[in-house]
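In what follows, every chain begins at residue 1, and chains take the letters A, B, ... in the order their sequences are listed. Being a predicted model, the structure only gives us computed values, none of them experimental.
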There are 2 protein chains.
Amino acid sequence: MILKDNNIKITPQRLVVLEYLDKNCTHPTADEIYSYLKKKNPSLSKTTVYNALETLSKHGIIQSLTISGYELRYDLDHGMHHHFYCKICGRIVDIELKCPNVEKMKKYGHEIEEIHGYIKGICKKCLKEKDKK
Amino acid sequence: MILKDNNIKITPQRLVVLEYLDKNCTHPTADEIYSYLKKKNPSLSKTTVYNALETLSKHGIIQSLTISGYELRYDLDHGMHHHFYCKICGRIVDIELKCPNVEKMKKYGHEIEEIHGYIKGICKKCLKEKDKK
DNA sequence: ATGTTAAATTGTAATGATTACAATTTAGTA
DNA sequence: TACTAAATTGTAATCATTACAATTTAACAT
């Protein structure tokens, strides 16, 4: 199991957070995760959600996205992809994409740990809505 | 002048904010801009700085960066480039880079307005510091 | 099984960036 | 020079995130 593999203490709270992110690819905020899980886990604290997210993040199991500016969003890492953010509906969708620069990047002399590709605009669905008018 | 070209009302406050961003490629926060400009413009309000940044941003004259997570940073747009964020010193440096995906992106059916490339890791300078130890 | 201990969880309070808002001032134009 | 819509200002509110201290618990050794 992924927690044991990373020497992270296994707690029910961490398990539910991880399970939530595994089942929900909606790039939720800490608050969305908390609000949902709180229903079935009344003793859950929001701080715990933040702590769990930070721990998972630090071990590279999940990724935190800064794309929407005023809040962090979280994403279980399933390999390299970029994100598209719709300025109208706020939805974030994954974009499967190989960035050919990843390897070249090292020539700058910096040590690369993360690569984030954020594309912003208007999504397919919202474009259709606009056309109707 | 760039403000007139965009039909933005010319005010001394907007001018000093723009000038600051033109001269300082440090990707400052709103607060850094405010604190510096306040010295020579005592009547300047922080809200005005936020307003000016938003207006300039909306017109594509400047870009807001979400790279550091808990605060927005601003950058005068001089053509396509990505950003490198050092996790140790917090500095953000420009990476001149042509992204070959920009054109291909449209096939997803979304309308693309902005592309952000954020690379995170440890910068050259901080790597040297680490080696000394 | 049980006891031990370092680490995790909880709830509350603090922080700090950003936004809301209403009163005042001003840029652009007639 | 006067007018008006828009910009500026300062204060107060908002809201995500973090700090912290008390309590609980996972993991491990006996």
*Can you say whether the rings of B/Tyr36 and B/Tyr20 are parallel (under 30°), tilted (30 to 60°) or perpendicular (over 60°)?*
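Plane angle between 30° and 60°, so tilted.
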
Among the candidates [options], find the nucleotide nearest to the side-chain atoms of [X].
X       : options                : value
B/Ser45 : C/dT10, D/dG10, D/dT17 : D/dG10
B/Ile10 : C/dA27, C/dT18, D/dT17 : C/dA27
B/Thr47 : C/dG28, D/dA19, C/dA20 : C/dA20
B/Leu72 : C/dT18, D/dA27, C/dG11 : C/dT18
A/Pro12 : D/dT8, D/dC20, D/dA26  : D/dA26

Measure [atom1]/[X] against [atom2]/[N] and give the value in whole Å, please.
X       : N      : atom1 : atom2 : value
A/Glu54 : D/dT18 : CD    : P     : 7 Å
B/Tyr34 : D/dT8  : OH    : P     : 14 Å
A/Leu3  : C/dA8  : CG    : P     : 12 Å
B/Leu44 : C/dT24 : CG    : C1'   : 16 Å
B/Leu15 : D/dA7  : CG    : P     : 14 Å
B/Arg73 : C/dG16 : CZ    : C1'   : 14 Å
A/Leu53 : D/dA16 : CG    : P     : 14 Å
B/Tyr50 : C/dT18 : OH    : P     : 4 Å

*Are the side chain of B/Lys120 and the backbone of B/Lys87 linked by a donor-acceptor contact shorter than 3.5 Å?*
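Not a single qualifying donor-acceptor pair exists.
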
Is [X] touching bases, backbone alone, or none of the nucleic acid, heavy atoms closer than 4.0 Å?
X       : result
B/Asp31 : nothing
A/Ser43 : sugar-phosphate
A/Thr11 : sugar-phosphate

*Minimum heavy-atom distance B/Gly109-A/Leu127, with the two atoms named*: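 That would be O-CD1, 3.6 Å.
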
*What are the two closest non-hydrogen atoms of A/Val49 and A/Ala30, and how far apart are they?*
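A/Val49 and A/Ala30 have their closest heavy atoms at CG1-O, 3.8 Å.
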
*Does the separation of the ring centres of A/Tyr118 and A/His116 fall below 6.0 angstrom?*
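Centroid distance A/Tyr118-A/His116: below 6.0 Å, so yes.
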
*Below 4.0 angstrom from OP1 or OP2 of C/dT10, is there any side-chain N or O of A/Thr48?*
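Checking C/dT10 against A/Thr48, a side-chain N or O does come within under 4.0 Å of OP1 or OP2.
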
*side-chain N/O B/Gln13 vs C/dT26 OP1/OP2, d < 4.0 Å*: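 Answer is no, no contact under 4.0 Å.
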
*Which residue lies toward the 5' end of DNA chain C, A/Ile8 or A/Pro42, if each is placed at its nearest nucleotide?*
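Whichever sits nearer the 5' end wins; that is A/Ile8.
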
*Please tell me which of B/Tyr70 and B/Asn51 maps to the more 5' nucleotide of DNA chain D, matching each residue to the nucleotide holding its nearest heavy atom.*
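The 5'-side residue here is B/Asn51.
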
